[in-house]
**Q** 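Questions regarding the structure given below will be posed in turn.
Because only heavy atoms are used, hydrogens play no part in the values below, and waters and symmetry mates are left out as well, while side chains stay in. Here is the naming used below: chain letters follow the sequence lines, and residue numbers restart at 1 for every chain.
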Amino acid sequence: MRQERIVSMTLPSDTYQRIYAVVAQVPRGKVATYGQIARMADMPRHARLVGYALHALATVNRLPWHRVVNAQGMISERGDGGAAAQKQRRRLEREGVRFNARGVIPLKQYLWQPD
DNA sequence: CTAGTGACTGTTT
DNA sequence: AAAACAGCCACTA
């Protein structure tokens, strides 16, 4: 018995849907930045909105939300003491993404670069 | 309606 | 190198 959960008790806006559609395309073992997702969703300079949209995601979803990191190649903090960030890092490492000693993902190697 | 906030980012101090 | 600033705009109260 599986059930879909509604986001924020409301229907997702078109804006969020566009963002989610791009996030869904990020391949396993690669990462994308918030700004990159915004550009690909045809919303340049709306990086913050991408973060907001991901924050609004239901706890259960099929999106590879963990593949979205900031422009520095680091996992953005959530203000929850680091629990979510740790979970995100574990998910990335499980699919082969390596972090350096400073907790940074070398974007030269892992940034998603679609043709 | 206004004001505050935020999983951001590029530029300027 | 690090911090501050300035844009950006959906969402909430």
Side-chain angles (χ1 to χ4, degrees):
Chain A
M1 64 169 99
R2 177 140 29 94
Q3 253 186 357
E4 298 277 336
R5 176 185 281 237
I6 304 300
V7 176
S8 301
M9 309 270 283
T10 70
L11 295 173
S13 66
D14 286 344
T15 304
Y16 282 13
Q17 292 288 10
R18 293 235 304 282
I19 291 170
Y20 297 150
V22 176
V23 173
Q25 294 173 44
V26 184
R28 200 185 142 78
K30 291 288 181 180
V31 298
T33 68
Y34 296 93
Q36 177 183 8
I37 296 294
R39 286 194 304 276
M40 295 184 64
D42 208 35
M43 300 185 245
R45 295 182 290 290
H46 292 191
R48 296 193 71 145
L49 209 47
V50 174
Y52 199 95
L54 292 184
H55 182 73
L57 274 177
T59 55
V60 176
N61 59 78
R62 297 176 201 299
L63 236 50
W65 54 268
H66 57 287
R67 299 188 186 133
V68 185
V69 300
N70 65 32
Q72 278 51 249
M74 304 182 75
I75 293 175
S76 292
E77 291 299 331
R78 314 290 202 287
D80 65 349
Q86 194 166 41
K87 178 178 181 179
Q88 182 174 2
R89 174 167 178 155
R90 196 182 66 246
R91 282 183 177 225
L92 287 172
E93 289 180 320
R94 190 168 55 198
E95 52 186 60
V97 176
R98 309 285 263 341
F99 289 70
N100 70 16
R102 293 184 170 185
V104 177
I105 300 168
L107 294 183
K108 286 234 170 155
Q109 180 177 1
Y110 295 106
L111 183 66
W112 178 36
Q113 300 179 76
D115 311 309

**Q** Distance check needed: B:dT11 P versus A:Arg45 CZ, whole Å only.
**A** 11 Å
**Q** Taking atom P of B:dA7 as reference, at what distance in whole Å does atom NZ of A:Lys87 sit?
**A** 17 Å
**Q** Could you give the NE2-to-C1' distance, from A:His55 to C:dC9, as a whole number of Å?
**A** 16 Å
**Q** Return whichever of A:Arg102 or A:Pro44 has its heavy-atom-nearest nucleotide of DNA chain C closer to the 5' end.
**A** A:Arg102
**Q** It should be established whether A:His46 places a side-chain nitrogen or oxygen under 4.0 Å from OP1 or OP2 of nucleotide C:dC9.
**A** yes
**Q** Whole-Å distance between C:dA3 P and A:Gln72 CD?
**A** 13 Å
**Q** Quick check on DNA chain C: between A:Ala47 and A:Tyr52, whose nearest nucleotide comes earlier from the 5' end?
**A** A:Ala47
**Q** Quick one: does A:Tyr34 reach the base of B:dA7 with a side-chain donor-acceptor pair under 3.5 Å?
**A** yes
**Q** Minimum heavy-atom separation for A:Glu95 and A:Gly29, please, with both atom names.
**A** OE2-N, 2.9 Å
**Q** In whole angstrom, what separates A:Leu57's CG from C:dC11's P?
**A** 13 Å
**Q** From CZ of A:Arg48 over to P of C:dC5, roughly how many Å is that when rounded to an integer?
**A** 15 Å
**Q** Does some side-chain heavy atom of A:Pro114 sit less than 4.5 Å from a side-chain heavy atom of A:Met40?
**A** yes
**Q** So for atom CZ, which belongs to A:Arg91, do other residues, nucleotides or ligands contribute more than 12 heavy atoms lying within a distance under 6.0 Å?
**A** yes
**Q** Without decimals, in angstroms, what is the distance between A:Met40 CE and B:dC8 P?
**A** 20 Å
**Q** OP1 or OP2 of C:dA10 versus the side-chain N and O atoms of A:Thr15: is any pair under 4.0 Å?
**A** no
**Q** Working note: A:Lys87 + A:Arg90, criterion side chain to side chain contact (heavy atoms under 4.5 Å, CB included); need CA distance, chi angles, decisive distance, verdict.
**A** CA-CA 5 Å; A:Lys87 178 178 181 179; A:Arg90 196 182 66 246; 4.1 Å; yes
**Q** Check every strand shown and say whether A:Glu77 touches a base, only sugar-phosphate, or nothing at a heavy-atom separation below 4.0 Å.
**A** sugar-phosphate
**Q** Closer to the 5' end of DNA chain B via nearest nucleotide, is it A:Arg39 or A:His66?
**A** A:His66
**Q** What closest approach, in Å, do A:Arg67 and A:Val26 show between heavy atoms, and which atom pair accounts for it?
**A** NH1-O, 2.8 Å
**Q** Roughly, in whole Å, what's the span from CD1 in A:Ile37 to P in C:dA10?
**A** 18 Å
